2 protein chains.
Amino acid sequence: MTHPRPPQPRLRADARRNVEGIRQAALDVFRTSGLTTPLDEVAKAAGVSKGTIYHRFGSRRALIDAVVDDLVAERLRDIIEAVEALDDPLARFEDYLLRMWLLQYDEPAANDVLTRVLPDSVQLTTLCDKANRFGRRLLEEAQAAGAIRPDLTPADLTYLILERGAALRACAGQSRADYARRLDFLLHGLRSWPRPA
Amino acid sequence: MTHPRPPQPRLRADARRNVEGIRQAALDVFRTSGLTTPLDEVAKAAGVSKGTIYHRFGSRRALIDAVVDDLVAERLRDIIEAVEALDDPLARFEDYLLRMWLLQYDEPAANDVLTRVLPDSVQLTTLCDKANRFGRRLLEEAQAAGAIRPDLTPADLTYLILERGAALRACAGQSRADYARRLDFLLHGLRSWPRPA
DNA sequence: AGATTACTTGACTCCATAGTCAAGAAATGT
DNA sequence: ACATTTCTTGACTATGGAGTCAAGTAATCT
């Protein structure tokens, strides 16, 4: 509850160093272990005490907000960009889902964001909404083209992502290849009915 | 670490009453809230102190073992029986999966058992293995009949159950109807390729 | 260099849950 | 009805993580 950083015109040198160090440490630690990692580990990685994190950032949530963009936003942008480059509505929709699901596998932190395993924050909500809206558009288009089952709803799409996150957290050990193979089953189930691969 | 009950020839009257009361309370509490509910709640429901539970049963795991059969075994037997009554291999396989998935929705405790969210115990392991073996048999038969994708492995089948458990725990609010509708997507994805409903 | 102010620290509180145990309560045997 | 034995209790310890704060340390200003 000290200074969440807006009023101070300039931090002292050591404080500036620490803010940066903590950000980097948080990036590292969260990237590899997800957003639920205890702050003590971030502190240790930054060579700083837990108290310092709280003084510099104010709360766990604020620290997450400070790194979530670097952690996830770019990945989402990449996905959107890659998908936009495709033409076929079915390919666009399936590629989108597949890339999201693989992102969830590859980056525990991204998974935590997409599945909201954490105190809500404006940043996070904005990110999720953005991805959601994009996905819904793709869904509509694929359905309009008759490629995806018409009874698949936008809410179902959200669930497909949420569930994957929970599934991943629960079944940790699976290889990426197995994981991807299983995703294929899921995609098949969403296609409009008789249609060659 | 007192007496896990085998040596004593006969408990005192109040102890016998309590054992039964605790079992009933555990059944109730676990049934509605899953096997991860704190033992204090079972104690409260039984009108007994937590210490008594430990004295009578020895550990959390032992208490679970003492009720898991009543909690789950019969449901599994029902499923197996209902499925055995069917003829078509595809119908058998899909009915089995669907019933398992709905059991997971209907009974949090059964879900906890099937997904092993708890200290391993012989009882539990036995139950899971039994269901697993049955499912694998159905899978083989459905694949032999050409009704289910040949690249679906027994391990995949296990994952389908495990994942559903995690998904359920994570996405609590969904209605049974929505849940069932989504299961249909999953089933579709497992079918051998061009085949009418 | 000394005074001032900003910053850091780690020991502390708080919460929730598993599991334990000495002391008191209650059933049983005679 | 009392001695004996069994049982119950609730306060206690332990664990692990979030968040706080008084006291000590170090940058900065003059």
Side-chain angles (χ1 to χ4, degrees), chain A residues 1-26 29-30 33-67 112 117-121 169, chain B residues 1-26 29-30 33-67 112 117-121 169:
Chain A
M1 280 315 120
T2 2
H3 8 104
R5 250 183 335 149
Q8 262 61 19
R10 190 140 206 266
L11 293 172
R12 224 171 66 177
D14 52 351
R16 252 176 294 133
R17 246 183 289 125
N18 282 338
V19 167
E20 218 13 65
I22 292 168
R23 257 186 51 86
Q24 287 306 323
V29 170
F30 288 156
S33 317
L35 295 180
T36 57
T37 316
L39 283 202
D40 306 65
E41 293 201 17
V42 175
K44 194 158 38 140
V48 134
S49 94
K50 190 169 42 146
T52 303
I53 295 186
Y54 280 97
H55 280 305
R56 291 287 130 247
F57 292 86
S59 69
R60 176 187 189 78
R61 200 166 97 351
L63 174 61
I64 291 178
D65 276 3
V67 296
D112 289 343
V117 190
L118 34 71
D120 278 337
S121 89
R169 249 172 262 119
Chain B
M1 281 312 124
T2 1
H3 8 102
R5 251 185 331 151
Q8 263 61 20
R10 192 143 204 262
L11 293 171
R12 225 172 65 178
D14 51 350
R16 253 175 293 133
R17 246 183 287 123
N18 282 339
V19 167
E20 217 14 65
I22 292 169
R23 256 185 51 85
Q24 286 305 324
V29 169
F30 288 156
S33 315
L35 295 180
T36 57
T37 316
L39 283 202
D40 306 67
E41 293 201 18
V42 175
K44 195 158 38 139
V48 133
S49 95
K50 190 170 41 143
T52 303
I53 295 186
Y54 281 97
H55 280 305
R56 292 286 129 249
F57 292 86
S59 70
R60 176 186 190 77
R61 202 167 95 351
L63 174 62
I64 291 177
D65 275 4
V67 296
D112 289 343
V117 190
L118 33 74
D120 277 337
S121 89
R169 251 172 260 118

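Each chain gets a letter, A, B and so on, in the order the sequences are listed, and its residues count up from 1. Keep in mind it's a predicted model, so treat the numbers as computed, not measured.
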* Hey, does B/Phe57 have a side-chain heavy atom less than 4.5 Å from the side chain of B/Ile64? -> no

* **Whole-Å gap separating C1' (C/dA6) and CG (A/Asn18)** => 12 Å

* To do: Measure from NZ on B/Lys44 to C1' on D/dT9 and round the result to the nearest Å.
  => 17 Å

* Using only side-chain N and O atoms of A/Ser49, determine if any of them is under 4.0 Å from OP1 or OP2 of C/dG10. => no

* Is it true that A/Asp65 and A/Arg61 have a side-chain N and a carboxylate O under 4.0 angstrom from each other? -> yes

Any protein N or O atoms within reach of nucleotides 15-18 of chain D? Criterion: under 3.5 Å, listing atom names and distances.
from	atom 1	to	atom 2	distance (Å)
D/dA18	OP1	A/Arg60	NH1	2.8
D/dA18	OP2	A/Leu39	N	3.4

* Asked: Minimum heavy-atom separation for A/Thr37 to A/Gly34, with atom names?
  -> OG1-O, 2.7 Å

* Please determine if A/Arg23 and A/Glu20 form a salt bridge, counting it only when a charged side-chain N lies under 4.0 Å from a carboxylate O. => yes

* Asked: Roughly how far, to the nearest 0.5 Å, is the OG atom of B/Ser59 from the CD1 atom of B/Ile53?
  -> 11.5 Å

* To do: Can you see which heavy atom on A/Thr36 is nearest to which on A/Asp112, and at what distance?
  => N-OD2, 3.9 Å

* Donor-acceptor pair under 3.5 Å: do we get one between A/His55's side chain and the base of C/dT9? -> yes

* D/dT20 C1' sits how many Å from A/Phe57 CZ, rounded? -> 18 Å

* Structure fact -> B/Arg56 CZ to D/dT8 C1', in whole Å, measures 9 Å

* Any side-chain heavy atom of B/Arg56 sitting closer than 4.5 Å to one from B/Val48? -> no

* Where protein sits on nucleotides 24-30 of chain C, one letter per nucleotide: B base, S sugar-phosphate only, - none, heavy atoms under 4.0 Å -> --BSS--

* Structure fact -> Closest heavy-atom pair, B/Ala43 versus B/Lys50, reported as atoms and distance to 0.1 Å, is CB-N, 3.8 Å

